[in-house]
Amino acid sequence: MLFIYNIGIHLFYLTAALVSLYKNKAKLWINGRKHQQIKSLESNIWFHFASLGEFEQGRPVLEAVKKQYPLHNIVVTFFSPSGYEPRKNTPLADVVYYLPLDTAANAQHFISTIRPQMAIFTKYEYWYHFFNELHKQHIPLYIISGIFRPGQVFFKWYGGLHRKMLKMVTWFFLQDAQSKQLLHDKGITNVSISGDTRFDRVWANAGNPKNLPEIVQFKNGQKLFIAGSTWPQDEELIAEVIKQHPDWKFIIAPHETSEEKIKGLTNLLPTETTIKFSEISNLKSNISNLVIDNIGMLSSLYQYADVAYIGGGFGAGIHNTLEAAAFGMPVIFGPKYHKFKEARDLVELGAGFSINSQDELNQIANRLMSDEQARHASAVIAKDYVQQNIGATETIVNYIKAQH
């Protein structure tokens, strides 16, 4: 199985190299690894994140560990350019790298160079050679906000190599009881349920959001519908909702902000009432639709919203619902949400609403946008849900502090 894993890693690299000839994201992925130089530092703590979402998820632990161990350097790695590029200069880290390709030689060189005293991975990232090298060098490895589902490779008959990875982890901090039971069934008992650190992150953000005077001016006291992290299929649905609610303001913050994607989005919307954020200095009183053509504003935008739509639910899966829920508002999303515990919880509680079609979106949006009592009830439930689930960071850091 290791032979097949190694072949798969190299095939992935070759595919990325080929795609990099015409896709900028793949080009960043290849060139970022090719040109980086790993520096030797003393007294390091290594945090690894797949992408930007996992960085924000693990950020409360990163901040707490940095405060707890002020004399240690913080090394941060990312798998994806969508995490590395916006956070390569973060003040929370002393150095930021792309995670090298997962080969035995790369893992040995990287870990022997940075010499971490502990490694902290967030949620999903499992890399055999890096785990094995940490294990061989007796470096503690912690998984935070871990979550497992029965259909994952770890629990398949052919998942022996992946189960071997699990046994290299020093301690799992898990989101839920199902994950704990799945690991117990495989004889892995070095686990505890701490919850999801995203709750701590979004709650802290909601308590101290960045003030955006341009958004206040745009909203101008009217009700505001925000669609965040949207993909084209989401945007087509939202465009129809906009037509039905001329008395509301709308903000769409797409997942991708390339010139091509922004142009495609603005073409869906009425020209005379739509403006891009980069042009907001030209805001006029008749403008009711704002397209966010930059990255990094969304988590602060939600403070001004009354209803939120979270994109991605017609693709691989929905994006972060908790950012909006923490500000107290109902959240709407597409059908692919079942992998996300918080989305399932919000649906069950009556603060989250899944839609499969334009008609379903119209129905739910009309109710929430016209019935203030229903909207307020969902908003209270959403905010209470987030507040009741904070505390994972303190649990994790207290455990780590006791071990080190």
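Bear in mind the structure is a predicted one, so any value in this text is a computation, not a measurement.
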Sub-3.5 Å donor-acceptor pair from the side chain of Asp102 to the main-chain atoms of Tyr128, do we have one?
yes
Please evaluate residues Phe121 and Tyr142 with respect to the criterion ring pair (Phe, Tyr, Trp, His ring centres under 6.0 Å), reporting the C-alpha separation (whole Å), side-chain torsions for both, the decisive distance (0.1 Å), and the verdict.
CA-CA 6 Å; Phe121 280 44; Tyr142 301 104; over 10 Å; no
Go through the steps to decide whether Lys243 and Glu240 satisfy the test salt bridge (Lys or Arg N to Asp or Glu O under 4.0 Å), and finish with yes or no.
CA-CA 5 Å; Lys243 294 177 183 177; Glu240 292 300 315; 3.1 Å; yes
Taking only residues two or more places apart in sequence or in another chain, which ones pass salt bridge (charged side-chain N to carboxylate O under 4.0 Å, His left out) with Asp345?
Lys341
Rounded to the nearest 0.5 Å, what's the gap from CD1 on Ile400 to CD on Gln403? Could you check?
9.0 Å
Would you give the length of the straight line joining atom CD of Gln108 to atom OG1 of Thr103, rounded to the nearest 0.5 angstrom?
10.0 Å
Would you please indicate if the ring centroids of Phe327 and Tyr302 are separated by under 6.0 Å?
no
Does Leu134 offer a backbone N or O that forms a donor-acceptor pair with the side chain of Gln137 under 3.5 Å?
no
Ionic contact status for Glu63 with Arg59, cut-off 4.0 Å
yes
Going by salt bridge (Lys or Arg N to Asp or Glu O under 4.0 Å), name the pairs with one or both residues in residues 369-389, residues two or more places apart or in two chains.
none
Plane angle bin for His245 and Trp248 - parallel if under 30°, tilted between 30 and 60°, otherwise perpendicular
perpendicular
Residue pair Val191 / Lys180: nearest heavy atoms and the distance that separates them
CG2-CG, 3.6 Å
Could you grab the distance from atom CD1 of Ile396 to atom OH of Tyr399, nearest 0.5 Å is fine?
12.0 Å
With a 3.5 Å cut-off and no angle check, do the side chains of Thr230 and Glu235 form a donor-acceptor pair?
yes
Of all residues at least two apart in sequence or in a different chain, which pass the side-chain contact (heavy atoms from CB on, under 4.5 Å) check with Ser370?
none
By side-chain contact (heavy atoms from CB on, under 4.5 Å), Thr274 pairs with (sequence neighbours left out) Leu269, Pro270, Asn289, Val291
Check: Leu237 main-chain N/O paired with Gln358 side-chain donor or acceptor under 3.5 Å
yes
In short, Leu368 meets Pro330 closest at the heavy-atom pair CD1-CB, 3.9 Å
Kindly determine whether His255 and Asp234 satisfy side-chain hydrogen bond (donor to acceptor under 3.5 Å, both in side chains), including the steps that lead there.
CA-CA 11 Å; His255 175 66; Asp234 302 305; over 6 Å; no
Closest approach of Phe130 and Pro100, non-hydrogen atoms and distance?
CE1-O, 3.4 Å
Taking Asn44 for its side chain and Ile74 for its backbone only, find out whether a donor-acceptor pair lies under 3.5 Å.
no
Once salt bridge (Lys or Arg N to Asp or Glu O under 4.0 Å) is applied, what residue pairs with a partner in residues 289-309 remain, sequence neighbours excluded?
Lys219-Asp306, Lys223-Asp306
Under the criterion side chain to side chain contact (heavy atoms under 4.5 Å, CB included), I'd like the reasoning laid out for Ile188 against His184: C-alpha separation, chi angles, the key distance, then a yes or no.
CA-CA 5 Å; Ile188 298 169; His184 274 211; over 6 Å; no
Decide side-chain hydrogen bond (donor to acceptor under 3.5 Å, both in side chains) for Ser51 and Ser82; before the verdict, give the C-alpha distance in whole Å, the side-chain angles of both, and the deciding distance to 0.1 Å.
CA-CA 6 Å; Ser51 191; Ser82 57; 2.6 Å; yes
Between CD of Glu360 and CD1 of Ile355, what distance do you get to the nearest 0.5 Å?
7.0 Å
Ion pair check, Lys276 and Glu279, cut-off under 4.0 Å
yes
Anything under 3.5 Å between a donor and an acceptor, one on a side chain of residues 13-32, the other on a protein residue two or more places apart or in another chain? List them.
unit_1, atom_1, unit_2, atom_2, d
Thr15, OG1, Leu11, O, 2.8
Ser20, OG, Ala17, O, 2.5
Trp29, NE1, Phe79, O, 3.1

Parallel, tilted or perpendicular: ring planes of Tyr126 versus Phe148, cut at 30 and 60 degrees:
tilted
Spacing of Thr271 atom OG1 and Ile275 atom CD1 [to the nearest 0.5 Å]:
12.5 Å
For the pair Met168 and Asn132, evaluate side chain to side chain contact (heavy atoms under 4.5 Å, CB included) and give the outcome as yes or no after the intermediate values.
CA-CA 7 Å; Met168 297 172 184; Asn132 189 43; 3.6 Å; yes
Please work out whether the ring planes of Tyr84 and Phe78 are parallel, tilted or perpendicular, with thresholds of 30° and 60°.
perpendicular
Could you give me the CA-CA distance, side-chain angles and deciding distance for Asp359 and Gln363, then say whether side-chain hydrogen bond (donor to acceptor under 3.5 Å, both in side chains) is met?
CA-CA 6 Å; Asp359 287 343; Gln363 182 180 358; over 6 Å; no
Here the salt bridge (Lys or Arg N to Asp or Glu O under 4.0 Å) pairs for residues 134-159, sequence neighbours left out, are Glu133-Lys136
Per the side chain to side chain contact (heavy atoms under 4.5 Å, CB included) rule, which among Thr77, Asn106, Val76 passes with Leu99?
Thr77
Any residue meeting salt bridge (charged side-chain N to carboxylate O under 4.0 Å, His left out) with Lys34, in chain and number order, not counting sequence neighbours
none
According to salt bridge (Lys or Arg N to Asp or Glu O under 4.0 Å), does anything in residues 196-211 pair up with another residue at least two apart or in another chain? List the pairs.
Glu56-Arg201, Asp196-Arg198, Arg198-Glu342
Check this for me: Glu394, atom CD, are more than 12 non-hydrogen atoms of other residues, nucleotides or ligands nearer than 6.0 Å?
no
Ser192: side-chain contact (heavy atoms from CB on, under 4.5 Å) partners, not counting sequence neighbours:
Trp171, Phe173
Interatomic distance, OG@Ser288 vs CD1@Ile242, rounded to 0.5 Å, equals 7.5 Å
Does the cation-pi check pass for Lys336 over Phe314, that is, NZ or CZ under 6.0 Å from the six-membered ring centre and within 45° of its axis?
no
Within the distance-only criterion (no hydrogens, no angle test), does the side chain of Ser354 pair as donor or acceptor with the backbone N or O of Gly334 below 3.5 angstrom?
yes
For the residue pair Gln37 and Tyr97, what are the closest heavy atoms and their distance?
O-CE2, 3.6 Å
Of all residues at least two apart in sequence or in a different chain, which pass the side-chain contact (heavy atoms from CB on, under 4.5 Å) check with Asn211?
Pro213, Tyr304
Just checking, is any N or O donor in the side chain of Asp94 or His72 under 3.5 Å from an acceptor N or O on the other one?
no
So which pairs with a foot in residues 367-387 pass ring-ring contact (aromatic ring centres under 6.0 Å, His included), sequence neighbours left out?
Phe199-Tyr385
Just do the side chain to side chain contact (heavy atoms under 4.5 Å, CB included) check on His10 and Tyr5 with the steps written out, would you?
CA-CA 9 Å; His10 284 91; Tyr5 178 87; over 6 Å; no
Counting only heavy atoms not in His404, do more than 12 fall under 6.0 Å of its NE2?
yes
